[in-house]
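Report on the following structure.
Naming convention: chains lettered A, B, ... in sequence-line order (proteins, then strands); numbering from 1 in each chain. This is a predicted model, so every value here is computed, not measured.
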Number of protein chains: 2
Amino acid sequence: MPNMKQIAKMARVSLGTVSHVLNNSAGVREPVRMRVLEAVRAVGYRPNQLARGLRRVRTSMIGMIIPDITNPFFPAVVRGAEDIAFSNGYRLILCNSDNHHSKELAHLNELRAYLPAGLIVIPSNFSDLTAQTDVYRRAGAGVVCIDRLPTNWSGDSVTANNEQGAYKATRYLIQLGHTTLATITGPLHLTNATDRLCGFKRALRGAKLKLGPEYVQEATFDKNGGYSKTAILLRLIPRPTAIFAANDMIALGALLAIREAGLRCPEDVSLIGFDDLDLGETTNPSLSSVSQSGYQLGATAADILLSRIKGDTGPAKHIVLGTSLTIRNSAARAPEIERSIFQ
Amino acid sequence: MPNMKQIAKMARVSLGTVSHVLNNSAGVREPVRMRVLEAVRAVGYRPNQLARGLRRVRTSMIGMIIPDITNPFFPAVVRGAEDIAFSNGYRLILCNSDNHHSKELAHLNELRAYLPAGLIVIPSNFSDLTAQTDVYRRAGAGVVCIDRLPTNWSGDSVTANNEQGAYKATRYLIQLGHTTLATITGPLHLTNATDRLCGFKRALRGAKLKLGPEYVQEATFDKNGGYSKTAILLRLIPRPTAIFAANDMIALGALLAIREAGLRCPEDVSLIGFDDLDLGETTNPSLSSVSQSGYQLGATAADILLSRIKGDTGPAKHIVLGTSLTIRNSAARAPEIERSIFQ
DNA sequence: GCAGGAATTTGAATCGTTTCAAAAGCAGAG
DNA sequence: CTCTGCTTTTGAAACGATTCAAATTCCTGC
């Protein structure tokens, strides 16, 4: 591997000058600059990032801690972050926390030893992230939380407008004539889950609809969660004619449970999900869902991080991305007539 | 940030001794060892990975270059690799190449500056990877290719048994009575695509079935590719009654095209995919597919890499993982009667 | 109690960069 | 020709570990 010393010798200059050329850090006369650049090109020299990082006390790496890349919502988030990072000369170190306190902590602690320029975290909210990331902030590294926020988080953040998205979805169901609604929320210690529940409730209040607490079921953000909680909802009397699922994986499980209960979606039960994953297009019926851009989430977080790295010390940024309703075939008009006959 | 010097002072020993304790690299008397460990615990010291990497000329990072994390097959691969890497103290740097020559090259070149212990690559096959990774191998870093292999690749590799998987799928279709088959292959410069085509052809030969070249369509590995090529296949006379799609994304596009042509799957056209992605369970009809474990692919690659890092200099390993056929509802018996009437 | 060999421990060099104070070069004014 | 104030360039000291030869300590047997 070629190093700076070789470049310096080839260009007949000192180490310092080579460094200045490489970093534009001091006035170097054009002919000298050219000699150095020429030598760099000739041997295909690239600065050793470890040496540079060691000296600068900061590398061009960004730690990204997410729950699980295998969960279909997260790849787009990672991709968004990687695109922005890479095109600015930064690389992503990917860490899966599985929403486990101990793994999140382990990643947080071990990443520090690489002196990353920053961190993008989808927090599990089982650890006090503010305290845990303090050592990063003190070292001048940025920390951006996305998708959901730890309790009391006062740093930079990027989230979707979960409340508004849920509100739109629920209002849409109400406009279709549904009056007996239900929702399957995500784990309520996660802010995106509680925000979506708030949106759901606001829409209900707006339509002066009341709802027993048994119509709100908390589930994990996956197919199993959706399946088991839907089974419960479908046994309620009166049976809900519309379900707002807090994400598409839950909705998928709900679809399964509805079918298994001998009911049809959307004729008997309407369903709306959240996230608008690709797989929602190909289910039967195709899934109406609240769209949010995972890519934008990741990309925006990386943008903020880069601005912090470049020295922006302004107040914490809280970016909230918009949502939109994607209407497909899983929600239809309420089955007025049948209901009046059967109940 | 605490450093070794502080630990040395606290434990009243020299730098060298601290290092020896941390690396078990020399006999250190138990009481001394304890003193050092105690100091380490007291201040939460963690060795600076940059300094360590600089000195050792190798870090505990593994570069992973994949086409696109957003493609539903790859997250499991990455997860498998990350799990094995992380539990052995290694971290993954994730790079998306988009199958672009230039991006793959850029990642290859720039990663080198971080002195990774190894590379896991899903190659685009647009660059001469053997030459491009030579600098890594000369530096003692391992390079493992997975999923598909560059032409003339003689290094370590892990792939699924693509030929066999395709053979199983095709033979299954033949056993269902289909005689007019078609296939949509992936890009034929990728070995997994050609291998799957070989398996398809072998099954045909085994059943003494002949096929015009127009029944073999090459597509990109995505929904659009599947959609457009299926449209072509459905216009052929005689129309194929069964299609083997080289992956599930292609199959998804095929499903769309079949429906759009006013035909039914599986009554009019049977369909089998490859990869057995989760989304195949929820399509209508659910998708029969050849299962391969992306997780295993990634995990095995990481295992091999770690063994190389630990010093295994044996001959190149070529691991081939098994496949199995997951039967759902997208393939059915050939429509014998209708065919004889209509054609 | 001591020599000799083995087991520990130490100290200095090194990895490849950045950075900063100091040195050198240069141009213009007197 | 010298002095002054710039602009360039240099050299050495970090950064925080590892490693190897050398120094020290510890045992064991006599």
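The nearest whole Å value for the distance from the CD atom in Gln49(B) to the C1' atom in dA17(D) is 10 Å. Residue Glu30(B) contributes atom CD, which lies 16 Å from atom P of dC26(D) at whole-angstrom precision. Rounded to whole angstrom, the span from the CG atom of Leu115(A) across to the C1' atom of dG16(D) amounts to 10 Å.
Looking at every heavy atom in both residues, Tyr90(A) comes nearest to Asn88(A) through CD1-O, 3.2 Å. Considering all non-hydrogen atoms of both residues, His318(B) and Gly155(B) come closest at CE1-O, 3.1 Å. Taking all atoms of both residues into account, the shortest heavy-atom contact from Ile146(A) to Ala301(A) is CG2-CB, 3.5 Å.
Between Asp303(B) and Arg308(B) there is no salt bridge, since no side-chain N of the basic residue sits under 4.0 Å from a carboxylate O of the acidic one. Ionic pairing of Asp98(A) and Lys103(A) is present here: one or more N-O contacts between side-chain nitrogen and carboxylate oxygen are shorter than 4.0 angstrom. Contact check on Glu38(B) versus Arg35(B) returns no salt bridge, with no Lys/Arg side-chain nitrogen under 4.0 Å from an Asp/Glu carboxylate oxygen.
The span of DNA chain C lying next to chain B, judged by atoms under 4.0 Å from heavy atoms, is bounded 5' to 3' by dT8(C) to dG16(C).
For the helix from dG1(C)-dC30(D) to dG30(C)-dC1(D), the end axes, each set by the C1' atoms of five terminal pairs, are bent relative to each other by 50° (nearest 10°).
Counting only distance, with no hydrogens or angles, the side chain of Glu104(A) and the backbone of Ser124(A) share a donor-acceptor pair below 3.5 Å.
OP1 or OP2 of dT9(D) lies within a sub-4.0 Å distance of a side-chain N or O belonging to Arg29(A). OP1 or OP2 of dG16(D) has at least one side-chain nitrogen or oxygen of Asn3(B) nearer than 4.0 Å.
The one candidate from His101(B), His189(B), His100(B) that meets the ring-ring contact (aromatic ring centres under 6.0 Å, His included) condition with Phe126(B) is His189(B).
Nearest-nucleotide mapping onto DNA chain C: of Met4(A) and Ala26(B), the residue sitting toward the 5' end is Ala26(B).
Neither side chain, Gln132(B) nor Ser127(B), offers a donor N or O lying under 3.5 Å from an acceptor on the other.
With a 6.0 Å cutoff to the six-membered ring centre and a 45° limit on the axis angle, Arg79(B) does not count as a cation-pi contact of Tyr295(B). For Arg112(A) and Tyr136(A), the positive end sits near the middle of the six-membered ring, less than 6.0 Å away and at most 45° from its axis.
Non-hydrogen atoms lying under 4.0 Å from DNA chain D are contributed by Val13(A), Ser14(A), Gly16(A), Thr17(A), His20(A), all within residues 10-25 of chain A.
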